[in-house]
Undergrad: 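Would you mind keeping the following structure in view while I ask a few things?
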Amino acid sequence: MPENADSPKLRARMRAALLRWYDRNRRDLPWRRSRDPYAIWVSETMLQQTQVATVLPYYRRFMGAFPSVEALDRAPLDAVQSIWSGLGYYRRAMNLKHAAGVLASRHGGRLPDDYDALLKLPGIGRYTAGAIMSIAFQRPYPAVDGNVRRVYARLFGLTDAKELDETAGRMVSRPRPGDFNQALMELGATVCSPAAPTCERCPLSHWCRARASGSFELPRGRHVETKAVEWPLVIIESNSRVLLHRRPDDGLLAGLWELPTPATLPPGVARESVAVAPIAVIRHAITDKRITAPVYLLRREARVRGKAWRWVALAALSSYPLSSLYTKALRAAQHRLGARLSSIGAGDT
DNA sequence: CAAACGTGGAC
DNA sequence: TGTCCAAGTTT
């Protein structure tokens, strides 16, 4: 048992110290200026496995385009995916859109002030439900993410997941459960970092077990074997348009548009293209794949059928949901395409 | 429950 | 260059 968390008085002191630290050190983030549960939900979803700095521009654009549940519900899926392009874990965007529909039809267009109801929404798991409950509704639920696990692991010497959950449940403060949870995460992200914690700046160092023992080791994450993958891409260009293909609705990059590969050229387009040298070679990683992507340019017309193929004007590429793999390839080819493709991918508007 | 799911920052 | 891994969820 983590003796440090046993005493209610001690817990109260730790909470107070953490909140005081947070009040003086909190970063000024856009979602912290809002009290709208929708804004909290969107930010927490974007922040899943994604760092704050990466999220910021996406959050601004998303909230600008879809400022409410109703706006999101009414938006075309393509528009939502397009804004999300480059952020990764694209199922999150599908889940948001889907959940917005559920909220509109069954919850009056609002996030429910109810942990179990939140959990039922697609894309909301234990962490996100706890974050929304505490931050948006001031309810004393824990929100245990990687930061919190690390902080408690060091602070109390915890390794067991169940004990950690119990501790998190006992530690949450009321009042200010949302600030408390964010303080814990902020501490983990900025002070109690994985490799080199700066204990001099930590308001909890006085009580910290790892600090006392000098051992900050954490249980290793699962080692994931990466695979080298060759993934050639073909840019078929004609009249300032390129040919895109829509990916299947499940699996990798589900529902996004892609550049064809030599093996999946549309019917009627021979593979003659790929005999020539690539104009560029892209390197990109997707989860456990280390992708090497030679990019081939083929200038020719082609007749295509079906909803899965589409000629897209270069100027319209920015409104297409594309993985960074493809925006990299298109950027590498832009001078040959005679277009200023600042409009490709994230970053504009 | 292990595996899949994106991307870019940090070292 | 390589490796780790981040405000997780789903199947």
Side-chain angles (χ1 to χ4, degrees), chain A residues 22 26-27 29-32 39-59 81 84-96 98-99 118-136 141-151 161 168 178-190 192-196 218-229 231 247-256 258 282-292 321-328 345-347:
Chain A
Y22 183 65
R26 59 190 286 170
R27 288 172 288 182
L29 303 172
W31 46 89
R32 289 185 178 161
I40 305 302
W41 173 41
V42 171
S43 70
E44 289 302 336
T45 301
M46 287 191 167
L47 285 162
Q48 289 167 9
Q49 297 287 282
T50 310
Q51 296 181 335
V52 167
T54 303
V55 163
L56 284 172
Y58 287 88
Y59 177 81
Q81 288 180 305
W84 205 274
S85 289
L87 189 55
Y89 286 138
Y90 296 96
R91 188 164 54 180
R92 293 181 295 177
M94 312 287 281
N95 286 152
L96 275 178
H98 181 194
L118 288 170
L119 260 191
K120 291 194 176 89
L121 295 168
I124 297 185
R126 279 158 38 91
Y127 163 77
T128 305
I132 294 172
M133 288 303 286
S134 61
I135 299 170
Y141 286 80
V144 181
D145 75 329
N147 289 308
V148 176
R149 271 191 289 278
R150 183 172 58 257
V151 169
D179 282 347
F180 176 82
N181 285 338
Q182 292 186 86
L184 223 36
M185 294 189 274
E186 188 101 334
L187 187 71
T190 63
C192 193
S193 50
L218 300 165
R220 304 281 296 167
R222 306 204 66 73
H223 178 69
V224 182
E225 207 64 36
T226 64
K227 291 162 264 190
V229 175
W231 190 335
R247 294 181 58 83
D249 282 324
D250 49 24
L252 197 64
L253 306 175
L256 301 200
E258 65 177 351
I282 301 303
R283 309 244 309 134
H284 185 74
I286 298 181
T287 57
D288 62 338
K289 298 176 183 57
R290 288 175 294 112
I291 298 168
T292 301
L322 293 170
S323 157
S324 293
L325 170 62
Y326 307 112
T327 59
K328 283 181 185 176

Undergrad: Quick check on B/dA4: is either OP1 or OP2 less than 4.0 Å from any side-chain nitrogen or oxygen of A/Tyr89?
TA: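 No, no such contact exists.
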Undergrad: Expressed as a whole number of Å, how far does the P atom of B/dA10 sit from that of C/dA7?
TA: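 Per the computed distance, 12 Å lies between those P atoms.
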Undergrad: Please tell me if A/Ser324 has a side-chain N or O lying less than 4.0 Å from either OP1 or OP2 of B/dT7.
TA: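 Checking A/Ser324 against B/dT7: at least one side-chain N or O falls below 4.0 Å of OP1 or OP2.
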Undergrad: Using a cut-off of under 3.5 Å, enumerate the N/O to N/O pairs linking the protein to nucleotides 2-5 of chain C.
TA:
none

Undergrad: At under 4.0 Å between heavy atoms, what does A/Gly188 touch on the DNA or RNA strands: base, sugar-phosphate, or nothing?
TA: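 Here A/Gly188 touches no strand at all.
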Undergrad: Quick check: any donor-acceptor pair below 3.5 Å linking the side-chain of A/Thr45 to the base of C/dG8?
TA: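 A donor-acceptor contact between them is absent.
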Undergrad: Atom NE2 of A/His284 to atom P of C/dT1: distance rounded to whole Å?
TA: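 Rounded to whole Å, this separation is 17 Å.
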Undergrad: Does A/Lys289 put a side-chain nitrogen or oxygen below 4.0 Å from OP1 or OP2 of B/dA4?
TA: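 A/Lys289 to B/dA4 OP1/OP2: no side-chain N or O under 4.0 Å.
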Undergrad: Rounding to the closest angstrom, what is the interatomic distance between B/dG6 and C/dT3 at atom P?
TA: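 Here B/dG6 and C/dT3 have their P atoms 22 Å from each other.
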Undergrad: Round to the nearest Å and state the distance from A/Leu87 atom CG to B/dT7 atom P.
TA: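 Checked: the CG to P distance equals 9 Å.
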Undergrad: Between A/Ser323 and B/dT7, is there a side-chain N or O to OP1/OP2 distance below 4.0 Å?
TA: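 Result: yes.
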Undergrad: One thing to verify: whether A/Glu186 and A/Arg26 come together as a salt bridge, which I'm taking to mean a side-chain N less than 4.0 angstrom from a carboxylate O.
TA: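 Not counted as a salt bridge, because no side-chain N and carboxylate O are separated by less than 4.0 Å.
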Undergrad: Taking only N and O in the side chain of A/Gln48, is any of them less than 4.0 Å away from OP1 or OP2 of C/dG8?
TA: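 For C/dG8, neither OP1 nor OP2 has a side-chain N or O of A/Gln48 closer than 4.0 Å.
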Undergrad: Does A/Thr50 put a side-chain nitrogen or oxygen below 4.0 Å from OP1 or OP2 of B/dG6?
TA: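 It does not, given that no N or O in the side chain of A/Thr50 lies less than 4.0 Å from OP1 or OP2 of B/dG6.
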